[in-house]
Amino acid sequence: MAASVQGGRIGNLPAEANAFVGRRRELADIAGLLGAERLVTLTGPGGVGKSRLALRAAHAVTAGFPGGTWLVELSDLRDPDLLTNVVAQATRLTEQTLRPLLQALCEHLAGAPVLLVLDTCEHVLDACARVVRELLAGVPELRVLATSRQPLGVPGEQLLTVAPLPLGERDDAVALFAARAAAALPAFTLTDANRADVAAVCTRLDGIPLALELAAVRLRGLPLHRLLEGLGSRFDLLVSPARPRPARHQTLRTAIGWSHELCTPPERLLWARLSVFAGGWDVEAAEFVCHGGPLAPEEIHALLGSLGEKSIIARDGGGTAVRYRMLDTVRSFGAEWLTGLGEVEAVRRRHRDYFRWIARQGEAEWLGPGQRMWAERLSLEHANLRLAIEECLTAPEPGTALELTGSLWFFWFACGFAEEGRTYLERALRHAPGDNGPEHALAVWAHRLVTVVPDDLEAAESVSAAYVWLAEERRLPVPALPLTGASLAVRGESARSAVLYGSVGQAPAEDGGAEFFQLLTLALQAYLLAGQAAFERCAAVAERLRAECAERGELWMRAWGDFFVSLARAGLGHPDDAVRSAREALTAKWRVHDRIGAAAVTDLLVVAHAARGEDELAARLLGVSRRLWHTAGLPQLGRPDRTVFHREYERRLRTSLGEARFLEAVRAGGMLGPEEAVELALGGALEGFEV
């Protein structure tokens, strides 16, 4: 979900899929509670509309939260230990941090009133209570709006019970049914002649919004009076005295069960098998995971369309980017059906194997023209990847967890999920303590890679050693990786780094070794040369890196080439060229979700714009870069302020603007939302640019 800034409002709230109906009193109550209290929890049974009400309420109060209004969807989270990671990702905190992530999250959210919407907390209730307590204690400006079938139990929590919609002929339940019926069947109109029947349908469904929406869709194939008759007979049939349930819960289950009865046998089977997905899925994933028996792969696309028409699943996007999703309550019904069929283990295994294949494909194609596509695709499949990893971690073959978590090294390392990657890799390595095969070597190397930081010499050496081991296991030549020298350069020991690494101008061996490591070697050569102020040689190596990446259609490493070209041009006194190359780097880094790279490039733009005499802009960009580095929590990789020219330009900005004006510009830059910040850095060239 992209971050957005509209009218100065920051956040990630999605647009509402259809018109919101009713709930005026509840919306007013929520707005009042959020103005006075720090934690408000909407409780109520499944299907009653808690999530939709919370989203509408959040949209209504965004103006009061200049620090951002952030939706954190928890329904797909299976591991409570990853709750902080999910909140960090939703609020655009880069996970590549050395501090405890919860501490970094508190600092990230601090500074201005901010609203956090935690949706669907009941299955990770203890973790939610712990994280909310910490956040409220650490961020005085924070308000939390939660939805849960149970209270969180946090001191100061204010509860608002969400009831079904009022059932009178002029009340919200009838209005909602009429609106959804008209959307499903444009010819439908609520009139005095049919109002009583509509009210009877709503009464039969207890005013539960999800049940009303499922029933309204049936008007495509049934006249209203037949719909009412069918509800009555099927409710009598499906209510089980042997399994008593709360009346409203039974009503919702019966409404879903009625929709299930109206599906064909292949549609029912697909519904059950689709319940294994976390988040959403595309057609290819459904074909692989859900085929078998009476379901041929070539039939699944049409069946997805049929389930969409019945509102069992929802469709997002268009063209080749179509994805599908399922409401939690509907998913739970399908999961129960899948258990009854005895297919849970087999379908989950296919789900796991599909996403193992996706990870291997992504690794193989990462250094190529599909890099941006893979960054976007794996971000969309993040919840499914987590689920596949969890399945691997319980599998009797421990090598599957090593393979999957290790194959995703590029996702952990380059796309901003290093902290989560470390957690999963550590679990996978513990799960296979006696494994010494190639999958183990890959996982060890990946873990070292996402753990290393530029000023940690010991960690850099361990990455080099781990790669030697990995290369031997994969029967690859071993290029010289100058990570040790790079660490020394960051620490200011440029002369020693040159001695340890040797001739940094030498190219890596072109003997068929892994492409990534050849490109990494060039990037680190440029890095060392920049640290030694050898800007001409740095530019030459960086140009070669750009050319090597251009041949492959690669973006992520190519952007580091642009970065070092820009750094060299700034050092040689060519700020216009520096700005141009830095903007190219920023465009690529942002598109593949590399927030650390974006922070480094923004630092460089501070220098380049100051050198061009654009002092106000440079100071604002300094505020942007400081916020990015602050939230990332990493030592600033190759940061320009370690060089003489950066320090000189900051002093010049303070002198030319005056202390008060300088500090105000820095503060203004630090308050910008993601899109506004990137637009500022790119010189306003943000049209058509997806953040």
Side-chain angles (χ1 to χ4, degrees), residues 14-24 27 47-49 51-53 55-56 59 164-234 251-252 254-264 267-268 270-271 274 280 283 301-319 321-327 329-330:
E16 296 180 89
N18 45 33
F20 187 85
V21 176
R23 303 285 196 191
R24 291 183 181 178
L27 287 170
V48 80
S51 297
R52 185 64 195 277
L53 177 59
L55 179 61
R56 175 88 292 271
H59 272 292
L165 295 171
L167 292 170
E169 289 190 8
R170 304 286 175 180
D171 282 329
D172 290 347
V174 169
L176 177 64
F177 182 89
R180 301 301 183 255
L185 187 69
F188 178 85
T189 303
L190 182 65
T191 66
D192 290 339
N194 64 17
R195 188 180 296 273
D197 281 351
V198 169
V201 168
C202 295
T203 299
R204 196 69 175 125
L205 294 172
D206 287 339
I208 298 175
L210 177 57
L212 296 175
E213 297 201 16
L214 289 171
V217 173
R218 301 310 308 159
L219 290 180
R220 288 175 179 156
L222 290 173
L224 181 59
H225 71 278
R226 292 287 304 279
L227 172 66
L228 181 57
E229 292 170 3
L231 278 174
S233 62
R234 284 173 175 79
T251 298
L252 179 60
T254 305
I256 297 174
W258 181 58
S259 294
H260 190 263
E261 280 190 14
L262 295 173
C263 291
T264 65
E267 290 168 353
R268 295 177 193 172
L270 180 58
W271 178 351
L274 289 171
V283 173
H301 191 188
L303 289 171
L304 288 171
S306 298
L307 289 176
E309 290 176 356
K310 294 178 172 67
S311 290
I312 304 303
I313 62 176
R315 170 176 165 153
D316 297 320
V322 171
R323 288 181 65 80
Y324 300 87
R325 56 185 169 81
M326 187 182 291
L327 290 174
T329 313
V330 176

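Treat the numbers as computed from the prediction; the structure is a model and nothing was measured.
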Q) Rounded to the nearest 0.5 Å, what separation is found between the SG atom of C202 and the CD1 atom of I208? A) 11.5 Å
Q.
So, using side-chain hydrogen bond (donor to acceptor under 3.5 Å, both in side chains) as the criterion, who are the partners of S51 when residues are at least two apart?
A. D119
Q: For R56, check salt bridge (charged side-chain N to carboxylate O under 4.0 Å, His left out) against everything at least two apart and list the hits.
A: E16
**Q.** All side-chain hydrogen bond (donor to acceptor under 3.5 Å, both in side chains) counterparts of R23, not counting sequence neighbours
**A.** E26
Q. Nearest heavy-atom pair of D171 and P166: which atoms, and what distance?
A. CB-O, 3.4 Å
Q: List for me each residue that meets side-chain contact (heavy atoms from CB on, under 4.5 Å) alongside L224, sequence neighbours excluded, and say none if there are none.
A: F177, N194, D197, V198, V201, L219, L227
Q. Can you list the residues that meet the side-chain contact (heavy atoms from CB on, under 4.5 Å) rule with R195, with sequence neighbours excluded?
A. E169, R170, V174, L190, D192
Q. Between G207 and A173, what is the shortest heavy-atom contact and its length?
A. CA-CB, 4.3 Å
Q.
Working note: F20 + L55, criterion side chain to side chain contact (heavy atoms under 4.5 Å, CB included); need CA distance, chi angles, decisive distance, verdict.
A. CA-CA 10 Å; F20 187 85; L55 179 61; over 6 Å; no
Q) Under the side-chain hydrogen bond (donor to acceptor under 3.5 Å, both in side chains) test, which residues partner R325, sequence neighbours left out? A) D316
(Q) Treating R315 as the side-chain partner and Y324 as the backbone partner, does any N or O pair qualify as donor plus acceptor under 3.5 Å? (A) no
Without placing hydrogens or testing angles, list every side-chain donor-acceptor pair under 3.5 Å for residues 303-313, not counting sequence neighbours.
{"residue": "S306", "atom": "OG", "partner": "A302", "partner atom": "O", "Å": "3.3"}
{"residue": "K310", "atom": "NZ", "partner": "E267", "partner atom": "OE1", "Å": "3.3"}
{"residue": "K310", "atom": "NZ", "partner": "E267", "partner atom": "OE2", "Å": "3.4"}

Q) For V21, which residues count as a side-chain contact (heavy atoms from CB on, under 4.5 Å) partner, sequence neighbours excluded? A) A175, L176, A179, R180
(Q) Please check: side-chain N/O of W271 versus main-chain N/O of V330, any donor-acceptor pairing under 3.5 Å? (A) yes
Q) Which pairs count as side chain to side chain donor-acceptor pair (under 3.5 Å) when at least one residue sits in residues 219-228, sequence neighbours excluded? A) none
Q: Using side-chain contact (heavy atoms from CB on, under 4.5 Å) as the criterion, point out the one residue from L205, D172, V48, L212 that pairs with P164.
A: V48
(Q) Testing the basics here: between A181 and A216, what is the closest heavy-atom pair and its distance to 0.1 Å? (A) N-CB, 3.7 Å
